[in-house]
Amino acid sequence: MGRIKPCRLIRLEQHVDPRGTLSVVESGTTTDFAIQRVYYMYGQPESSPPRGMHGHRTLEQVVIAAHGGFSVGLDDGFHRTAYRLDEPGVGLYIGPMVWRVLQDFAPASVALVLASRHYEESDYYRDYDAFLRDARSLP
Ligand code: TYD
């Protein structure tokens with residue numbers, strides 16, 4: 001019931017030396033899916049409205065706070081949970097049929113997203129009621 005269960009934090013490979021830290025994401029190794037798209041969000045104004053506020057029919061993603069931090073609220077129509085992402089060495093896996101809201105961005109945050117598919121507007125639920133209706137009738 002609901003698709004929130006597979007959503008989880010993933011600790012990324014990190015190489016630390018006196019020069020700083022190098023983090024690695026390998027498509028199909030760090031992520032269970034092949035990465036077909038990378039996008040990133042930055043330049044949020046102070047007290048900006050939330051981002052996201054949508055669900056996906058099939059898309060899988062890993063969200064990383066590459067700089068700064070922000071909260072990610074998840075909702076599968078039955079359960080809700082929230083994560084604070086503020087470590088560049090940690091990613092949040094979000095699977096299909098989960099409504100997500102990104103908010104409370106610290107100044108100068110960069111939200112890096114690794115995605116399993118190219119951009120397809122038809123994969124989105126932008127309407128929460130339509131999302132709820134379908135999410136609650138999943139087998
Ligand atoms: P939008 O989906 O509104 O962002 P959010 O993740 O906060 O809901 O995307 C903003 C704009 O960028 C919108 O016009 C769609 C476009 N866009 C692309 O063209 N390609 C992409 O891969 C993404 C994620 C968005």
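Note that these values count all heavy atoms, side chains included, but never hydrogens, waters or copies made by symmetry. Both ligands and their constituent atoms are indexed starting at 1 by order of listing.
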Could you state the interatomic distance from CD1 (Ile35) to CG (Leu114), rounded to the nearest 0.5 Å?
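Spacing of CD1 (Ile35) from CG (Leu114) equals 4.5 Å.
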Could you grab the distance from atom OG1 of Thr31 to atom CD of Glu60, nearest 0.5 Å is fine?
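Taking OG1 in Thr31 and CD in Glu60, the distance rounds to 8.5 Å.
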Taking side chain to side chain contact (heavy atoms under 4.5 Å, CB included) as the definition, give me every residue that meets it alongside Glu121, ordered by chain and number, with sequence neighbours left out.
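Side chain to side chain contact (heavy atoms under 4.5 Å, CB included) list for Glu121, sorted by chain: Tyr119, Tyr124, Arg126.
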If you look only at pairs with a residue in residues 71-92, which of them pass as a ring pair (Phe, Tyr, Trp, His ring centres under 6.0 Å), with sequence neighbours excluded?
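Sorted pair list comes back empty.
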Do any side-chain atoms of residues 64-71 form donor-acceptor pairs under 3.5 angstrom with protein atoms, and if so which ones, sequence neighbours left out?
residue : atom : partner : partner atom : Å
His67   : ND1  : Ala108  : O            : 2.9
Ser71   : OG   : Arg84   : NH1          : 3.0

Can you label the angle between the Tyr128 ring and the Trp99 ring as parallel, tilted or perpendicular, going by 30° and 60°?
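The rings of Tyr128 and Trp99 stand perpendicular, inter-plane angle above 60°.
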Per-ligand residue contacts, ligand 1, heavy-atom threshold under 4.0 Å
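Only Arg37, Tyr39, Arg51, Gly52, His54, Tyr119, Tyr124, Arg126 have heavy atoms that fall under 4.0 Å of ligand 1, ordered by chain and number.
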